[in-house]
Amino acid sequence: MPKNQLPQLVKGTRDVYAAQAMQRSYIIDHIKAVYQSYGFMPLETPALEQVSTLLGKYGADGEQLIYRILNSGDFLAGIDASASTDYKTLLPHIAEKGLRYDLTVPLMRYVATHHHELVFPFKRYQIQPVWRADRPQKGRYREFYQCDADVIGTPSLWIEAELLGMVHEVLARLGITDFKVSLNNRAILNSIVTLMGAAERVNEFCMSIDKLDKVGTERVMQELINKGFERTALEKFAFIFDMQGDNAANLQVLRTYLQESDSGLEAIASITEILHLLTKLGIPDNHITIEPSLARGLAYYTGTIFEVTLPNVSIGSIVGGGRYTNFGEAFGLMHMTGVGLSFGVDRLCVAMESLGVFPDSMGVATKVLFTNQSQEIPDLVSKVIPQLRQNNVAVEVYPEPISLKKQLSYANKKLIPFVVIIEEEELKTKKYILRDMNKGTQNLHTAQELINLLRCL
RNA sequence: GUGAUUGUAGCUCAGCUGGUUAGAGCGUUGGUUUGUGGCACCAAAGGUCGCGGGUUCAAAUCCCGUCUUUCACCCCA
């Protein structure tokens with residue numbers, strides 16, 4: 001090994017330590033608490049899945065981003081390399097396992113294999129990392145945490161309302177007040193394209209229309225015309241993607257424009273119902289915007305779709321979700337519908353950092369450091385320290401009797417707010433020095449006084 | 001996958017059109033203070049200039065390749 005080699009991280013991955021790790025678990029703890037309060041139970045699945053489980057769920061683009069694991073041992077055994085020089089034909093034979101790309105497909109797999117023993121509607125949450133062989137950029141990683149909550153087996157819009165309720169609850173608990181929930185239904189997009197007479201080209205249409213807020217109406221129109229959509233047809237529906245009214249007014253506009261489409265009207269009715277349920281749940285609708293241009297890429301969404309963005313943080317969406325019917329068809333489960341959402345912890349972390357909404361004490365674990373100045377001290381404090389820990393006071397003892405200066409410097413760097421100094425003189429009177437590192441003051445206390453004081457500080 | 005962009009000390013970066021021993025700030029270590037942190041001052045350690053090749057009397061500097069960083073597109077949390 002070269003002498004000065006510094007080990008390198010895999011592109012798009014990060015080490016997470018101390019303050020960052022505590023921020024992550026702070027977010028996860030709040031999300032978990034909200035999920036549980038709505039009756040979701042935890043599920044954990046392996047990082048590895050059969051590639052065959054993963055394929056055919058994310059569309060051609062998504063599929064490219066699946067990490068594949070090379071078979072163990074002689075993965076070339078039994079392969080006629082001269083017959084298949086193309087890596088694409090070779091790949092399924094030499095790499096049969098892959099890393100999970102999201103948490104929804106593993107859920108489908110789980111439900112398909114256990115459906116006879118599950119209680120439906122099946123409510124599960126899942127907080128685990130997923131992997132995507134994407135090119136990293138701002139707020140985009142190759143390994144990141146998702147926090148999914150899904151309900152399988154009921155078409156009730158009550159669930160949609162509850163999921164949006166959970167979004168509001170989680171963000172409120174995390175101190176995020178300014179956010180935007182974009183709400184749409186795939187059937188609205190489908191009916192628009194059908195009314196335009198290009199029903200089979202929904203995906204092409206959606207890909208362009210999804211870029212509206214990014215590149216503007218003109219460029220999207222031009223792109224669609226270039227793709228061969230008819231200008232007159234496009235112009236007839238252009239207004240839909242540029243509605244300025246409130247939700248009720250916009251729904252009315254949609255009703256008028258899509259009156260010829262039963263499925264379109266049905267989708268509008270379901271959005272109306274979701275908003276109605278939200279007011280019943282006491283959730284203000286001022287964060288929610290009906291966004292007919294919202295398409296979302298994941299191939300399996302069929303009904304309601306939504307995502308959450310933060311106006312003041314340019315990091316993409318922090319929550320995404322929607323309803324997928326024909327859930328699990330690929331696994332032999334017919335007529336099973338699901339709805340779910342997913343919080344992106346890593347993006348939330350970046351966002352909350354830049355919004356400055358993390359509590360101040362984040363990343364400071366230890367409340368008090370016991371300095372170490374002679375070999376007998378660990379024995380002498382052995383009664384005080386366990387009592388403090390039992391009272392949930394985080395205590396460290398400096399492990400070596402080095403100079404006090406260095407021990408205080410250690411406390412200073414770790415932002416430990418209190419230090420207990422014990423030396424021979426104080427021991428004669430059975431008292432300890434408690435130093436307040438922020439104020440720079442210190443006082444003498446007995447063991448019992450120390451315990452009482454530190455519990456309350 | 002496409003188009004750009006970056007790489008010099010542990011970190012953030014200087015280093016002008018090639019020219020002796022490659023610099024700064026922060027951090028680290030030691031000291032001023034052998035029982036008191038932050039501030040200040042003094043000193044020291046630390047660099048195959050991403051890697052490989054080429055041009056040249058001479059390359060951190062110019063050229064090619066490669067890896068890496070960041071950003072945008074596609075897509076997505």
Side-chain angles (χ1 to χ4, degrees), chain A residues 2-6 8-12 14 24 27 31 58-66 88 101-104 127-148 167 203-204 206-208 210-211 214-215 219 223 294-299 301 305-310 313-322 340-351 369 371-374 398 401-427 433-442:
Chain A
K3 212 170 26 176
N4 291 326
Q5 186 193 13
L6 281 176
Q8 240 169 2
L9 281 172
V10 170
K11 188 203 281 250
R14 300 149 307 152
R24 176 184 279 178
I27 293 172
I31 292 175
Y58 306 111
D61 285 330
E63 222 146 82
Q64 282 188 309
L65 304 181
I66 294 172
K88 281 181 181 167
Y101 176 92
D102 70 0
L103 301 176
T104 310
I127 300 175
Q128 290 189 282
V130 302
W131 294 269
R132 295 182 188 177
D134 211 349
R135 277 227 189 154
Q137 53 183 275
K138 195 183 178 78
R140 177 179 299 191
Y141 310 100
R142 284 181 162 176
E143 175 185 66
F144 61 95
Y145 268 79
Q146 288 195 321
C147 303
D148 279 37
V167 168
N203 288 340
E204 267 182 276
C206 289
M207 260 167 64
S208 299
D210 195 43
K211 288 187 252 176
K214 224 175 210 169
V215 303
R219 284 180 58 185
E223 191 176 309
L294 176 68
R296 294 190 54 74
L298 283 176
Y301 289 123
I305 42 179
F306 58 89
E307 64 180 32
V308 182
T309 49
L310 303 176
V313 190
S314 59
I315 197 173
S317 57
I318 54 161
V319 182
L341 59 73
S342 184
F343 278 86
V345 184
D346 305 85
R347 283 188 178 176
L348 261 177
C349 240
V350 174
L369 173 77
T371 57
N372 190 339
Q373 284 122 295
S374 91
Y398 200 87
I402 58 170
S403 76
L404 186 59
K405 177 188 172 74
K406 284 184 182 166
Q407 299 187 49
L408 286 170
S409 173
Y410 171 85
N412 190 52
K413 282 178 204 157
K414 285 192 76 176
L415 303 172
I416 297 171
F418 297 99
V419 174
V420 173
I421 300 166
I422 319 131
E423 278 235 338
E424 312 301 332
E425 271 185 51
E426 280 75 25
L427 284 174
I433 297 170
L434 177 65
R435 181 170 179 83
D436 182 323
M437 294 298 279
N438 294 318
K439 292 182 187 150
T441 56
Q442 56 190 44

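The chains referred to below are lettered A, B, ... by the order of the sequence lines, with proteins before strands, and numbering in each begins at 1.
Distance check on atom P: B:G1 versus B:G52 gives 25 Å, rounded to whole Å. Remark: the separation of the C1' atoms in B:A22 and B:G38 is 34 Å, to the nearest Å. For the C1' atom pair drawn from B:G15 and B:A9, the interatomic distance equals 14 Å after rounding to whole Å. Comparing B:A24 with B:A14, their P atoms are spaced 16 Å from each other, to the whole Å. Comparing the same atom, P, in B:G27 and in B:C67 gives a spacing of 38 Å after rounding to whole Å. As rounded to the nearest Å, B:C26 and B:U68 have P atoms that lie 34 Å from one another. The P atoms of B:C75 and B:U61 are separated by 40 Å, rounded to the nearest whole Å. Separating the C1' atom of B:U20 from that of B:U12 is a span of 29 Å, rounded to the nearest Å.
Here A:Phe343 lies out of heavy-atom contact (under 4.0 Å) with every strand. A:Ile318 comes within 4.0 angstrom of the backbone, heavy atoms only, and of no base. In this structure, A:Asn438 reaches the bases: a heavy-atom distance under 4.0 Å links it to at least one base atom across the strands shown. Counting non-hydrogen atoms under 4.0 angstrom, A:Ile421 reaches a base of the nucleic acid. Base contact: A:Ile433 has a heavy atom under 4.0 Å from a base atom. Backbone-only engagement by A:Val319 is indicated by non-hydrogen atom pairs under 4.0 Å involving sugar-phosphate atoms exclusively. Counting non-hydrogen atoms under 4.0 angstrom, A:Gln442 reaches a base of the nucleic acid. The residue A:Gly62 sits apart from the nucleic acid: no heavy atom pair falls under 4.0 Å.
Residues A:Lys413 and A:Tyr410 both approach RNA chain B. Their nearest nucleotides, taken by heavy-atom distance, put A:Lys413 toward the 5′ side. The nearest heavy atom of RNA chain B to A:Arg142 and to A:Arg435 marks one nucleotide each, and the one closer to the 5' end goes with A:Arg435.
Cation-pi geometry between A:Arg347 and A:Phe144 is not met at under 6.0 angstrom from the ring centre and within 45 degrees of the axis.
For A:Asn412, whose side chain is taken as the heavy atoms from C-beta onward, the closest listed nucleotide among B:G38, B:C74, B:U29 is B:G38.
In this structure, the CG atom of A:Leu408 is 14 Å from the P atom of B:U34, given to the nearest Å. Atom pair A:Leu404:CG and B:U36:P shows a separation of 7 Å (rounding to whole Å applied). When the P atom of B:C74 is taken as reference, atom CZ of A:Arg135 falls 15 Å away, rounded to whole Å. What separates NZ of A:Lys138 from P of B:A4 is a distance of 23 Å, to the nearest Å. Following rounding to the nearest Å, A:Gln407 (CD) and B:U33 (C1') show an atom-to-atom distance of 16 Å. Atom C1' of nucleotide B:G1 and atom CG of A:Asp134 are separated by 11 Å, given to the nearest angstrom. A:Ile315 has its CD1 atom 10 Å from the P atom of B:C71, to the nearest Å. One atom, CZ of A:Phe418, and another, C1' of B:G37, lie 15 Å apart when rounded to the nearest Å.
Taking a cutoff of 4.0 Å between a charged side-chain nitrogen and a carboxylate oxygen, A:Arg14 and A:Asp346 qualify as a salt bridge.
With hydrogens and angles left out, the side-chain atoms of A:Ser409 and A:Gln407 include no donor and acceptor closer than 3.5 Å. Counted by atom type alone, A:Thr441 and A:Asp436 present zero donor-acceptor pairs between their side chains at under 3.5 Å. Counted by atom type alone, A:Asp134 and A:Tyr141 present zero donor-acceptor pairs between their side chains at under 3.5 Å.
Scored by the side chain to side chain donor-acceptor pair (under 3.5 Å) test, A:Ser208 finds A:Glu223, A:Lys227 as partners (sequence neighbours excluded).
Distance alone, capped at 3.5 Å, places no donor-acceptor pair between the A:Arg435 side chain and the A:Gln442 backbone.
Taking every heavy atom of both residues into account, A:Arg142 and A:Pro136 meet most closely at NE-CD, 4.1 Å.
Here the straight-line distance linking atom OH of A:Tyr398 with atom OH of A:Tyr410 works out to 7.0 Å at 0.5 Å rounding.
Within the structure, every side-chain polar atom (N or O) of A:Lys406 is placed at least 4.0 Å from both OP1 and OP2 of B:U33. Using a 4.0 Å cut-off, some side-chain N or O of A:Gln137 falls inside it from OP1 or OP2 of B:A72. In this structure, A:Lys405 does not reach the B:U33 phosphate: none of its side-chain N or O atoms is under 4.0 Å from OP1 or OP2.
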Q. In dot-bracket notation, what is the pairing pattern of RNA chain B, taking Watson-Crick (N1-N3 plus N6-O4 or O6-N4) and G-U wobble (N1-O2 and O6-N3) contacts under 3.5 Å, with [ ] crossing and | for other strands?
A. ((((..(..((((.....[...)))).(((((.......))))).....(((((..]....))))))..))))....

